[in-house]
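Just so it is clear, the model here is predicted, and its values are computed rather than measured.
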Amino acid sequence: MQHENDPAVVRRLLTTPGRWAVVGLSTNRARAAYGVAAYLQGHGMEIVPVHPRAEAVHGASGYATLADVPGEIDVVDVFVNSTLAGGIVDEAIARGARAVWLQLGVVDHAAAARARDAGLAVVMDTCPAIEGPRLGL
């Protein structure tokens, strides 16, 4: 099954200031999540690190799970193995997130369908730090 990301959705998510819960974000500078979170902050997004160690990253308080994050979440940015992504997407739906962004290499068509059916915007198998420059943002 082929998944097509709607360019208008990608543009809207990257240009509308929002609160992004970055699942898998830790203080490990070698991980893609670290650099992407910095990219998002640099483009006006509030980041919320979500990682079992609940570390503060880029000056933002961390939380062990999505359920622990106080307040509203606009986008859940998923930096976990595809086999774990479905559970994170289900948590995002339960939390009332407005969108899920499954990072480059993270593919779960069934989870994406559940998110769309629940009214969430879905972006899958790409990265904000790639899409932003590609769109001239």
side-chain contact (heavy atoms from CB on, under 4.5 Å) evaluation trace for Val89 with Asp108: CA-CA 9 Å; Val89 169; Asp108 185 327; over 6 Å; no
Of the non-hydrogen atoms in [X] and [Y], which two are nearest, and what is the gap between them?
X	Y	answer
Ala33	Val22	CB-CG1, 4.5 Å
Leu14	Gly132	CD1-N, 3.7 Å
Ser61	Val48	O-CG1, 4.3 Å
Asp74	Arg19	OD2-N, 2.7 Å
Val100	Ala115	CG2-CB, 3.9 Å
Asp77	Pro128	OD2-CG, 4.4 Å

N/O donor-acceptor pair under 3.5 Å between [X] side chain and [Y] backbone:
X	Y	value
Ser82	Gly105	yes
Arg95	Ile73	no
Asn5	Met124	yes
Glu131	Thr126	no
Arg116	Val122	no

Verdict with supporting geometry, Leu102 and Ile88, side-chain contact (heavy atoms from CB on, under 4.5 Å): CA-CA 10 Å; Leu102 282 69; Ile88 301 300; over 6 Å; no
When rounded to the nearest 0.5 angstrom, what distance separates [atom1] in [X] from [atom2] in [Y]?
X	Y	atom1	atom2	answer
Phe79	Leu104	CZ	CG	9.0 Å
Arg53	Thr27	CZ	OG1	6.0 Å
His51	Arg31	NE2	CZ	8.0 Å

His58 and its ring pair (Phe, Tyr, Trp, His ring centres under 6.0 Å) partner, picked from Tyr34, Tyr39, Trp20: Tyr34
Asn81 and Thr83 side chains, donor-acceptor separation under 3.5 Å: yes
Option passing side chain to side chain contact (heavy atoms under 4.5 Å, CB included) with Leu13 (candidates Thr15, Val10, Val9, Thr16): Val9
Cluster check Ile130, Leu40: I/L/V/M/F/W/Y, side chain < 4.5 angstrom: no
Working for side-chain contact (heavy atoms from CB on, under 4.5 Å), residues Arg114 and Asp90: CA-CA 8 Å; Arg114 289 193 304 274; Asp90 292 340; 2.8 Å; yes
